[in-house]
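Take a look at the structure set out below.
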Amino acid sequence: MHALSIAEAQEIDTSVVPDIHAYLAGLRTNGPIARSQMGFIVALRHQHLDLITRDITRQIETEGKLIQGITSGPIFDFIKSSMLFSNGDVHLRRRAPVSRIFAFKLMDAMRPKAAALAAELVEARIGLGPIDFVNEIAAQVPARIIADILGIPRGDLPVFMQWIADTPEALGFINLDRRDEIEKSLVAFNDYVAALLADRRASPREDFLSQYVEATVQDEELSKDEIRTQIVGLILAGSDTTRGSLCMTLAHLLQHVDQWRAFCADSDGLKRAAVDEGLRFDPVIMGIPRIVVGDFDLDGYRIPAGTLLTISVPSALRDPSVYTDPDHFDIFRKDHPRWHPIFGAGAHRCLGEALARVEMEEILATIARLAPDTRLVGAFPRLAPGPIRQVDRMEVEFLGG
Ligand code: HEM
């Protein structure tokens, strides 16, 4: 049969839809792919996640910035020297020293620290009335844990938190009105991390950064800019993602009272499953983008080389061919694939998965233990459109049992 051209694909525009999951389900029923107004192709099925790792695609590099007219400057330089937006040997060189140290075992050792921080944050707020969960809890956990891993002094935390709030946008689509502000913060952030690295080069300690510096000495082809960028990248990649995922998982758990009760009764036994389902049900990652490097056919469409292709994560994670009753939040479901697709696949699979899981699991289990009668206050939180979907707001009231 003659393959259709991508110009014939249905259109997609998620920027204004009231219910993104219903909208994507409608598109997915109509056809396997959709075409955005900006010209990229969105693949909608779970099986399309395989495209991330096939040699007919490659990771986007600076193309995402060039589309926005960003051709130089701190954001451009950051993307250009990052591991996430690189390919082949360059990517391997940048990833290897971090992944050697940022291993699952080390991250699991962070569990008691994450649990202690969670207890400190929650305990201080029990019975205080409604609190801003996004900023007072969900933003604090990833920022403070990564600050701890990097050995950032407590006194520097406020300014560190400010950079974390200002700069993750650099990874995705930028609101160009904010470009100057983001770049100013990114430069200050870069300088700060460069100083931390210089300090560890001069006087190594028993910590992650010293080990990282040593590992990069072994891989001496890395420039100082590249070394610094991987550390800033690690911080940024783990902040908005974990914050939003934590908010949505807790919100859905609290909304499903029976499941929340079951979770409170056995939070240790159920924390991994609860996080798996939270990450599936309302994923913060909108899509995983790739560039097509060789023409190929995808479910009846001819996809030419050069196409910017995004695999829609919210659509894939509600694909009924994989998940039974996909629009039902169910922490007891048994049909999660072995590797959770929210963390990507292949060469670029998330380096921070273990850490994100530890953080999310420990804060949820702590709330269940210390404040089982916690309730959501006001409107249910929503994730705004964007490459990494941000929580608009979320208030909760921590109530002890
Ligand atoms: C729930 C939280 C998180 C989610 C959903 C998430 C998701 C992802 C995804 C989908 C990718 C691959 C993107 C691609 O292939 O284009 C990725 C890569 C990455 N993530 Fe995460 N992430 C999370 C938390 C973290 C944390 C906590 C860290 C570190 C502290 C981190 C560090 C990284 C790094 C360094 C990469 C780049 C890996 C590479 O290019 O080789 N992430 N993440």
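Both counts, for ligands and for their atoms, begin at 1 and track the order of listing. The figures that follow rest on heavy atoms only: side chains count, while hydrogens, waters and symmetry mates do not.
- Side chain to side chain, R28 and S315 meet the donor-acceptor criterion of an N or O pair below 3.5 Å.
- When non-hydrogen atoms are compared, ligand 1 lies under 4.0 Å from the side chain of Q59 (C-beta onward) but not from its backbone.
- The protein non-hydrogen atom at the shortest distance from atom 10 (C) of ligand 1 is I342 O, 3.2 Å.
- Note on ring orientation: taking the six-membered ring where Trp is involved, the planes of H91 and H348 are tilted (angle from 30° to 60°).
- Counting heavy atoms from C-beta outward, L351 and V98 have side chains that approach closer than 4.5 Å.
- Not a single heavy atom of G346 sits under 4.0 Å from any atom of ligand 1.
- Ligand 1 has no nitrogen or oxygen under 3.5 angstrom from a nitrogen or oxygen of R349.
- Distance from atom 35 (C) of ligand 1 to its nearest protein heavy atom, with residue and atom name: L234 CD1, 3.8 Å.
- Side chain to side chain, D207 and Q211 fail the donor-acceptor criterion of an N or O pair below 3.5 Å.
- Checked for salt-bridge contact, E169 and R179 miss the test: no charged N lies under 4.0 Å from a carboxylate O.
- Within the structure, the closest approach of R290 to ligand 1 falls below 4.0 Å when heavy atoms are considered.
- In this structure, the protein non-hydrogen atom closest to atom 12 (C) of ligand 1 is H348 O, 3.4 Å.
- Taking distances strictly below 2.8 Å, the protein N/O/S atoms close to atom 21 (Fe) of ligand 1 are C350 SG.
- R290 and Q59 share a side-chain donor-acceptor pair at under 3.5 Å.
- The N/O atoms of R95, backbone and side chain alike, include one that comes under 3.5 Å of an N/O atom in ligand 1.
- The part of A347 lying near ligand 1 is the backbone, judged by heavy-atom distances below 4.0 Å.
- The pair R45-D50 does not count as a salt bridge, with every side-chain nitrogen at least 4.0 angstrom from each carboxylate oxygen.
- Comment: K184 does not engage E181 in a salt bridge, judged by the lack of any side-chain N to carboxylate O separation of less than 4.0 angstrom.
- Between E359 and ligand 1, not a single N/O pair is under 3.5 Å apart.
- Both tests hold for R280 against Y323: distance to the six-membered ring centre under 6.0 Å, angle to the ring axis within 45°.
- D225 and S223 form no side-chain donor-acceptor contact under 3.5 Å, judged by distance and modelled atom types alone.
- For the 3.5 Å distance criterion, the side chains of T324 and D335 qualify, holding a donor opposite an acceptor.
- Among F281, F263, W260, the one residue that satisfies the ring pair (Phe, Tyr, Trp, His ring centres under 6.0 Å) test with H252 is F281.
- In this structure, R357 has no heavy atom closer than 4.0 Å to ligand 1.
- When only interatomic distances are considered, the shortest N/O to N/O separation between S245 and ligand 1 does not fall below 3.5 Å.
- Residue F102 places a heavy atom less than 4.0 Å from ligand 1.
- Looking at atom 13 (C) of ligand 1, its nearest protein heavy atom turns out to be L84 CD1, 3.7 Å.
- By the 30° and 60° cut-offs, the orientation of the rings of Y192 relative to F160 is tilted.
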